[in-house]
Amino acid sequence: MTDYPHLLAPLDLGFTQLRNRVLMGSMHTNLEETGDYRRLARFYAERAAAGAGLIVTGGIAPNREGGVFPGAAGLYTAEDVANHRTVTDAVHDAGGKIAMQILHAGRYAYGPDCVAPSAIKSPISPFVPKELDEAGIEKQIADFATTAARAREAGYDGVEVMGSEGYLINEFLVTHTNRRTDRWGGSYENRMRFPLEVMRRVRAAVGDDFIVIYRLSMIDLVPDGSSWDEVVRLAREMEKAGATIINTGIGWHEARIPTIATSVPRAAFAWVTRKLMGEVSVPVITSNRINNPETAERLLAEGYADMVSMARPFLADPEFVKKAAEGRAREIAPCIACNQACLDHTFQGKISSCLVNPRAGYETELDYTPADRRKTVAVVGAGPAGLMAAIVAARRGHHVTLFERDAAIGGQLNMARRIPGKEEFDGLVAWFDVMLERTGVDRRLGVTATVEALSGFDEVIVATGVVPRDPGVPGQDGPNVLSYVDVLAGNRPVGHRVAIIGAGGIGFDVAEFLVDEGRHPALDLEEWLAEWGVVDPEKARGGLDPAGGHPAPPVHDVTLLQRKAEKPGRRLGKTTGWIHRLTLQRKGVRMIGGVNYERIDADGLHVSFGETRDKPTLIPADTVILCAGQISCRTLADQLAAAGIAHHVIGGADVAAELDAKRAIGQGARLAATL
Ligand code: NAP
Ligand code: SF4
């Protein structure tokens with residue numbers, strides 16, 4: 001008897017059957033562009049072997065003008081087809097099924113040759129697209145169909161036609177981007193013509209016994225987006241035109257509403273998919289911020305959808321389905337929706353990986369194979385670096401002892417988990433806890449490791465982390481000054497008016513903690529939707545509240561400062577920084593760059609500007625909080641060196657600058673894989 005009867009139930013598509021209701025959603029890894037198809041094949045095959053019901057690849061362009069960026073992968077030649085065969089063969093050998101996503105980026109294509117229904121530039125691209133003429137439209141449709149036929153030739157079980165997220169097909173559907181007056185614009189019937197023609201021609205090109213998924217934008221979250229009537233009409237027409245399955249798309253890339261970030265509640269948009277249930281007779285898939293089998297099972301059991309799509313959770317743990325099926329759900333490495341190693345990498349042209357699972361995308365080079373010789377390994381520090389090192393070393397067969405001075409594991413993760421919108425870090429700490437137990441790591445909590453205690457081990461790993469940097473501001477020893485550590489630990493009262501010294505990741509986190517103190521909109525869907533102004537698309541086009549969002553008033557009055565003259569928050573995550581900045585702006589947080597810190601007194605923080613230190617200004621504050629970065633904690637490493645004991649230093653103890661959990665976990669895993 002399984003805990004997930006709906007999730008693990010097969011899905012009969014008539015001409016073929018899927019073994020369960022889990023779609024591994026499309027995720028561009030950038031491996032597609034490396035030309036290393038063996039590596040891409042291994043990436044998908046591991047996920048197929050562990051039970052994903054149907055995999056959808058990252059977006060493959062139907063032609064060069066439609067590539068997300070110049071040089072984006074396409075399926076243009078016989079050689080491309082043969083290369084993709086490597087992938088489909090590997091997935092089939094592993095017992096899985098795989099569909100190829102066809103993605104035409106339209107005006108989001110990052111290059112001067114981009115095309116769109118109308119020559120309207122997107123706010124997130126510098127390029128004005130060329131307006132397609134009649135022949136150009138025919139070419140785009142023909143290229144979709146040809147690509148689908150080639151996908152079949154390459155051995156795929158299906159294709160997904162990407163019709164959402166503001167890409168070309170979506171651009172035809174709404175007046176926001178389609179101002180045409182010919183038969184491809186104007187009435188909805190005309191605006192639907194392009195998407196439907198694509199579907200008809202794709203279906204004709206691949207025959208009846210081939211999966212064709214249509215990813216339909218069910219809530220655009222942009223002005224002048226689709227109405228709900230239009231969404232339903234499109235879905236019905238798509239079914240008639242040949243779609244086997246309708247998948248959910250949520251929000252355009254240019255939307256200023258978060259849709260997948262960690263601060264978005266779990267399954268925040270499943271209610272949109274549920275509205276479509278019963279309107280079509282083909283299966284409907286739901287998507288976005290579903291990261292564990294319990295949530296997925298509940299959605300299916302309660303009739304939100306026929307199938308559940310998860311993309312990033314399959315980076316975090318290829319064995320998601322297998323572990324769920326074997327009653328080992330607690331061992332599933334959780335996707336915390338941080339985007340740090342996946343989407344942030346994708347948009348920086350790097351290989352997508354995962355903060356929680358550094359093997360993702362590196363399956364052919366980072367393996368946790370059993371060690372030749374069982375060693376005794378001491379790990380000092382149970383923050384993310386030490387925890388990952390301990391687990392990987394133990395999994396490889398070593399006898400691992402983990403020393404932690406605190407009474408609990410987690411290190412800096414225990415601070416992150418206190419920030420509203422970062423509740424997913426709870427799950428990460430819980431996962432580490434389970435894995436320490438499963439791999440048999442000997443935990444010594446509340447124990448400060450000494451040089452003597454470490455002298456007998458074969459390997460010593462120092463992961464002692466970081467301590468706050470002393471910014472040396474005159475007056476910082478006053479009673480109105482706190483470190484971020486005190487604030488996040490919740491053991492010191494904070495006044496109403498707050499000045500924060502340092503606008504890095506932690507300065508932003510502390511500001512969010514204070515403006516929302518005691519509130520957790522990420523755990524309350526209704527509250528979160530109201531904050532961001534998301535409404536039922538039946539009430540307003542695109543699901544955008546015409547009155548805008550309704551953020552709760554800030555609990556504290558916060559000013560965030562930095563010395564650099566650049567825009568505060570510029571160095572935050574590529575795909576999430578804007579959310580942090582917008583969240584704080586909407587809560588009235590003032591952000592000031594280019595300051596010199598002159599002194600702190602009972603009135604607040606005194607600053608000046610520029611090299612000449614002019615414009616002396618008082619930032620009135622009841623409390624000043626120091627978030628000025630960190631330095632490595634290397635006392636133990638230095639003592640070991642002095643005693644001549646060989647050791648490895650990882651995480652923040654190694655390099656504190658620009659430390660984050662991604663680097664810490666990656667370094668821990670990579671070191672432990674070599675011991
Ligand atoms: P950080 O990002 O390096 O920021 C340190 C801040 O302190 C900067 O604003 C810096 O700005 C300021 N600063 C540096 N030296 C100073 C000095 N001597 N006096 C006064 N101010 C000084 O470090 P963090 O905020 O402590 O975060 C630590 C790491 O965790 C970072 O790598 C961060 O990316 C990561 N993190 C990420 C997130 C996220 O949302 N992704 C959240 C939390 C933490 P100026 O030098 O311009 O004054
Ligand atoms: Fe999820 Fe973060 Fe991993 Fe991306 S990097 S898959 S968001 S945990």
Side-chain angles (χ1 to χ4, degrees), residues 25 27 29 260-264 289 291 310-318 320 333-346 352-361 384 412-413 415-419 421-422 424-425 427-428 431 465-473 476 483-485 488 500-513 560-577 579-581 583 591-597 605 607 624-631 651-652 655-666:
M27 180 91 209
T29 60
I260 57 167
T262 190
S263 55
V264 176
R289 282 292 282 117
N291 68 345
M310 289 172 276
R312 296 173 297 171
F314 277 95
L315 292 178
D317 200 329
F320 184 102
C335 166
I336 56 170
C338 64
N339 285 358
Q340 281 174 249
C342 53
L343 286 177
D344 284 353
H345 279 204
T346 310
S352 297
S353 186
C354 175
L355 175 141
V356 176
N357 173 24
R359 281 196 73 239
Q412 300 274 315
L413 297 176
M415 278 190 251
R417 65 198 288 192
R418 305 212 58 214
I419 312 299
K422 290 200 170 177
E424 289 289 357
F425 279 84
L428 181 55
W431 176 75
V466 291
V467 288
R469 176 188 283 128
D470 175 2
V473 181
Q476 68 177 31
S483 153
Y484 68 87
V485 180
L488 296 180
I500 298 179
I501 290 183
I506 290 183
F508 267 75
D509 273 1
V510 168
E512 289 184 39
F513 178 78
L560 191 54
L561 302 111
Q562 69 179 20
R563 297 171 306 171
K564 286 186 283 294
E566 68 189 32
K567 188 165 80 173
R570 198 176 70 80
R571 294 162 200 240
L572 295 175
K574 194 155 177 68
T575 61
T576 52
I579 303 171
H580 295 296
R581 287 190 295 270
T583 301
M591 299 184 201
I592 306 176
V595 303
N596 308 301
Y597 302 113
L605 174 62
V607 299
V624 177
I625 302 174
L626 307 179
C627 301
Q630 291 104 6
I631 55 170
V655 181
E658 292 179 17
L659 171 69
D660 60 17
K662 177 181 76 172
R663 175 155 65 77
I665 290 174

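Owing to the predicted nature of the structure, the values given are computational and were not obtained by experimental measurement. Both ligands and their constituent atoms are indexed starting at 1 by order of listing. Index from 1, following the sequence.
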| note | Among non-hydrogen protein atoms, atom 4 (Fe) of ligand 2 lies closest to C342 SG, 2.3 Å
| said: For D344 versus G573, what's the shortest heavy-atom pair and its separation? | reply: OD2-CA, 3.5 Å
| task | Please report which non-hydrogen protein atom sits nearest to atom 5 (S) of ligand 2, along with the residue it belongs to and the distance in Å to one decimal place. | result | L355 N, 3.2 Å
| task | Nearest 0.5 Å please: distance from the CE atom of M310 over to the CE atom of M27. | result | 14.5 Å
| field | Protein heavy atom under 4.0 Å of atom 46 (O) of ligand 1 | value | yes
| Can you tell me how far the CZ atom of F513 sits from the CD1 atom of I500, to the nearest 0.5 Å? | 11.0 Å
| field | Atoms in ligand 1 with a heavy atom of Y597 nearer than 4.0 Å | value | 20 (C)
| remark: Looking only at non-hydrogen atoms, the one of G504, G505, G421 nearest atom 36 (N) of ligand 1 is G505
| Tell me, which protein residue and heavy-atom name are nearest atom 28 (C) of ligand 1, and how many Å apart are they? | Q630 OE1, 3.2 Å
| task | Answer side chain, backbone, both or neither: which part of F508 comes under 4.0 Å from ligand 1, heavy atoms only. | result | neither
| query | Looking at I336, which atoms of ligand 2 are within less than 4.0 Å of one of its heavy atoms? | reply | 1 (Fe), 8 (S)
| Should the proximity of R571 to ligand 1, defined as any heavy atom under 4.0 Å, be assigned to the side chain, the backbone, both, or neither? | neither
| Which of the ligand 2 atoms, numbered from 1, are nearer than 4.0 Å to a heavy atom of N339 | 2 (Fe), 7 (S)
| Hey, is there an N, O or S on C354 sitting under 2.8 Å from atom 3 (Fe) of ligand 2? | yes
| said: Applying a heavy-atom cut-off of 4.0 Å, say which part of D509 lies close to ligand 1: side chain, backbone, both or neither. | reply: side chain
| field | Nearest-option assignment for atom 39 (C) of ligand 1, heavy atoms, candidates K422, Q412, R663 | value | K422
| Which atoms from ligand 1 have a heavy atom of P471 less than 4.0 Å away? | 19 (N), 20 (C)
| said: Using a 4.0 Å cut-off to any heavy atom of A337, which atoms of ligand 2 qualify? | reply: 1 (Fe), 7 (S)
| said: Using a 3.5 Å cut-off on N or O atoms only, is L572 in polar contact with ligand 1? | reply: no
| query | For ligand 1, is any non-hydrogen atom under 4.0 Å from C627's backbone (N, CA, C, O), its side chain (CB onward), both, or neither? | reply | backbone
| field | Closest non-hydrogen atom pair, Q340 against H345 | value | O-CD2, 3.4 Å
| query | Within less than 2.8 Å of atom 1 (Fe) of ligand 2, any N, O or S from C335? | reply | yes
| task | On the 0 to 90° scale, with breaks at 30° and 60°, tag the F508-H580 ring pair as parallel, tilted or perpendicular. | result | perpendicular
| query | Quick one: nearest non-hydrogen protein atom to atom 21 (N) of ligand 1, plus distance? | reply | A628 CB, 3.6 Å
| task | Would you kindly say whether N339 and T576 are connected by a side-chain donor-acceptor distance under 3.5 Å? | result | no
| message | Starting from atom 34 (O) of ligand 1, what is the nearest protein heavy atom, named by residue and atom, and what distance separates them? | response | L659 O, 4.3 Å
| remark: Looking at I579, V510, N596, I506, the heavy atom closest to atom 25 (O) of ligand 1 belongs to I506
| query | Which heavy atom of the protein is the closest neighbour of atom 2 (Fe) of ligand 2, given with residue, atom name and distance? | reply | C338 SG, 2.4 Å
| Any N or O on K564 sitting closer than 3.5 Å to an N or O of ligand 1? | yes
| Going by distance only, is there an N or O of Q562 that falls short of 3.5 Å from an N or O of ligand 1? | no
